[in-house]
2 protein chains.
Amino acid sequence: MIGMASRAESAAATRRALLDAAAELLDSGGPEAVTLRAVGARAGVTRGAPYGHFPDKDSLLTTIAAEALERLADDVEPVRTDPRMLAAEKLQRALAALMTIGRRQPHLYRLMFTSPVGDPAVVSAAVKAGDRAQGEFMAIVDDLVGGQDTRRFAALLLTSVHGITDMEVNGHLSEDKWHVTAEELVSTLVSMIDRQARGG
Amino acid sequence: MIGMASRAESAAATRRALLDAAAELLDSGGPEAVTLRAVGARAGVTRGAPYGHFPDKDSLLTTIAAEALERLADDVEPVRTDPRMLAAEKLQRALAALMTIGRRQPHLYRLMFTSPVGDPAVVSAAVKAGDRAQGEFMAIVDDLVGGQDTRRFAALLLTSVHGITDMEVNGHLSEDKWHVTAEELVSTLVSMIDRQARGG
DNA sequence: ATCATACAGTTGACACTGTCATCTGAGACG
DNA sequence: CGTCTCAGATGACAGTGTCAACTGTATGAT
């Protein structure tokens, strides 16, 4: 570091380094690779240091999931509020953002959709972040279907796209078995919901 | 045991006891509770005994998943071949069978939809079991949609219902947030697909 | 400028895990 | 009856999450 930091700043930097290190280990080696010793080493500290910033390992992982959910919400928000986009296009982009996480960071994706564990405060933060991301999706769907049965269609879309992504990530959607890509499934689903919402 | 067994029979019984013990521990305490020592103890044997029947812990877990998938296929098969049922009813029952596992044995459900790990032979057996279960669903959907776009609709149904179940299991589908039950979502989905398959 | 304090991070220890090499004892078979 | 085979027991080892005790340094009061 060029500008040396106050103690609080330095501690915050360590906390960030721990989160980044853990996230990197998760991405590259899966949950098995995320050991407090490895996290500490990669963050330039020792195995016990994380306990100064997180109550336990579960809370560290849950915090990573919460941050990823916040990031997702941050990515979707500008799409939702963009006045130059049609609702259908907004939805397509929002869903693509979700599926991209699944493909590029499968382990992180799993973490994001697993019930959070660890310290109650951390768990509550993760739930809040998840709610925010869900809220963004719901608002876009509401725009799309015009307020009619918003929750039902939003829930159906989100759960279905999650299922598609999750099964693809776990290798249960192999191209040569189903002769269908995840994108085709999503677009089929969206067009069906679109038709259903307009029609009767 | 009343009838004392030959050595081979006794070994087979131990293997079964190990699988049952592990499955019970998984159901009641989640993956964390499934330790080889606990499994051995519950099966009346010591911590090293499982290695006489399974190459490693992953293979033991994967075998449990494979058996669950076989059981699911065994449950769906008679439904599929029942000549007195309509295709729509068959589908409803098959999907209900899947969701019931998610609700009654959430940890087992997770295991069934996670990419299998462990000994190649065991993994391959699990994949085969999964394919059989998927085949049962696909056959029912084929019956329902009349051969038109079978794979597409079957894949969409299976992935969506999995997503619904998975999110419900992980607490991301709370009633007071979405105002929708999993059943409503599934029936909406099925009726949409039904309409789509008949219509244009 | 000096000193006491708070606190980030280190270190040693503990119970627990999966795994393997080795050993033991009882069923299988000549 | 004697030999062999193999299911299971046992001892050991490296690696894990976790905590209590310790250390050193930036902070803030005097």
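Residue numbering restarts at 1 for every chain, and letters A, B, ... go by the order of the sequence lines.
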Problem set entry | Out of D:dT27, C:dC20, D:dG8, whichever nucleotide has its closest atom nearest the side chain of B:Tyr51 | C:dC20

Problem set entry | Test item: B:Leu189 and A:Leu189 side chains (from C-beta on) under 4.5 Å apart, heavy atoms | yes

Exercise. Within this structure, what is the CD-to-P distance between A:Glu32 and D:dG17, rounded to whole angstrom?
Worked result: 11 Å

Exercise. Side chains of A:Leu69 and A:Arg132: closer than 4.5 Å at any heavy-atom pair?
Worked result: no

Exercise. Of all the nucleotides listed (C:dG9, C:dT17, C:dT19), which has the minimum atom distance to the side chain of B:Thr35?
Worked result: C:dT17

For this session: Say whether A:Asp194 and A:Ser191, considering side chains only, have a donor N or O and an acceptor N or O under 3.5 Å apart.
Result: no

Exercise. Contact class for A:Val34 vs. all strands (heavy atom < 4.0 Å): base, sugar-phosphate, or nothing?
Worked result: sugar-phosphate

Exercise. Heavy atoms under 4.0 Å, any strand shown: does B:Ala49 hit a base, just sugar-phosphate, or nothing?
Worked result: sugar-phosphate

For this session: Could you check which of D:dA9, D:dA7, C:dA8 has an atom nearest any side-chain atom of A:Ala11?
Result: C:dA8

For this session: Round to the nearest Å and state the distance from B:Leu60 atom CG to C:dT19 atom P.
Result: 10 Å

Exercise. What's the NZ-P distance between A:Lys57 and D:dG15, to the nearest Å?
Worked result: 16 Å

Problem set entry | Rounded interatomic separation in angstrom, taking CD from A:Glu9 and P from C:dC7 | 17 Å

For this session: Describe the nucleic acid contact of A:Gly48 in one word from base, sugar-phosphate, nothing, applying a heavy-atom distance below 4.0 Å.
Result: base

For this session: Take atom CG of B:Leu18 and atom C1' of D:dA7, then tell me their distance rounded to the nearest Å.
Result: 11 Å

Problem set entry | B:Leu36 CG - D:dC13 P separation (whole Å) | 20 Å

Exercise. A:Asp58 CG to D:dG17 P: how many Å, rounded?
Worked result: 10 Å

Problem set entry | A:Leu72 side chain reached by A:Phe137 side chain, heavy atoms, under 4.5 Å | yes

Exercise. Which nucleotide in the list C:dA13, D:dT10, C:dG12 gets nearest to the side chain of B:Arg47?
Worked result: D:dT10

For this session: May I have the distance from B:Arg37 (atom CZ) to D:dT16 (atom P), rounded to whole angstrom?
Result: 16 Å

Exercise. Between the side chains of A:Asp119 and A:Ser59, does any donor sit under 3.5 Å from an acceptor?
Worked result: no

Exercise. Given D:dG17, D:dG8, C:dG9, which nucleotide is nearest the side-chain atoms of B:Thr14?
Worked result: D:dG8

